[in-house]
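Written below as structure tokens is the structure these notes are about.
Counting starts at 1 for both ligands and their atoms, following the listed order.
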Amino acid sequence: MSEYAKLKTEACEANLEILRRNLALYTWGNVSVYDPERKVFAIKPSGVEYDKLTPASMVVIDLEGRVIEGNLKPSSDTATHRILYQQFPGIREICHTHSTYAVSWAQACRSVPVFGTTHADHGALDIPCTEYMGQAAVQNNYELETGLLIAETFRKRNINPLDMFMVLVAGHGPFTWGNDAGKAVYHAVVLEEICKMAFLTLSLNAEAASLPDHIIRKHWERKHGPNAYYGQ
Ligand SMILES: [Zn+2]
């Protein structure tokens, strides 16, 4: 059996979760799972329908972009995943979808304000939206530059990717990640819901304000950080 069997099973399972959670139409979207010891990740093959995915169809890639195992062509977004694993140490899974509300915010080029505790439970900051990618970057290596654009957005705003697991790429859509297998897709589901709630909030009150900082901190810190007490 392949030494990557467990990783490929995890990646297949995570990709199937996109389908179960209604986050993608057709073959849109992709998830990868990273093995920090071997420094490789398993990712969805390009253009294969979700109901045809099997662990054996996953493609294993190293951080230089070489195919280590797999017979199919990897997702066209593979270079974005690779750059994010390089730039954001500690993340173990990455998910990309074109879910409707998250894409709508990305197309409006708007970061998502913390309007309520659902958002604050998953991040104490606005969900950042990048700027549009420049022409030279698009022509150079679009998918690789997408990863660099995300990393640059976090650096410029001094955001720790282990405190904010979601980003919107302007005009494109969401990328999410997590520090464990299963977490990136979970964050993609949560992001879609937060974006929907934020849209509805603004449609009811275009002047809606962000949640006061003391409530944001309370909700974030009871689930994360040294004094977390949420859960069992
Ligand atoms: Zn996309």
With I83, the side chain to side chain contact (heavy atoms under 4.5 Å, CB included) member among L144, I150, L63: L144
Report the distance from atom OG1 of T130 to atom NZ of K156, rounding to the nearest 0.5 Å. 9.5 Å
Side chains of Y186 and H122 only: does a donor on one sit below 3.5 Å from an acceptor on the other? yes
Have a look around the Zn ion (ligand 1) and list protein N/O/S atoms under 2.8 Å, or say none. H96 NE2, H98 NE2, H172 NE2
Between E13 and R20, is there a salt bridge with N-O shorter than 4.0 Å? yes
Does E192 form a salt bridge (charged side-chain N to carboxylate O under 4.0 Å, His left out) with K196? I'd like the steps, not just the answer. CA-CA 6 Å; E192 177 63 6; K196 184 177 179 181; over 6 Å; no
Check whether more than 12 heavy atoms from other residues, nucleotides or ligands sit under 6.0 Å from atom NZ of K223, and answer yes or no. yes
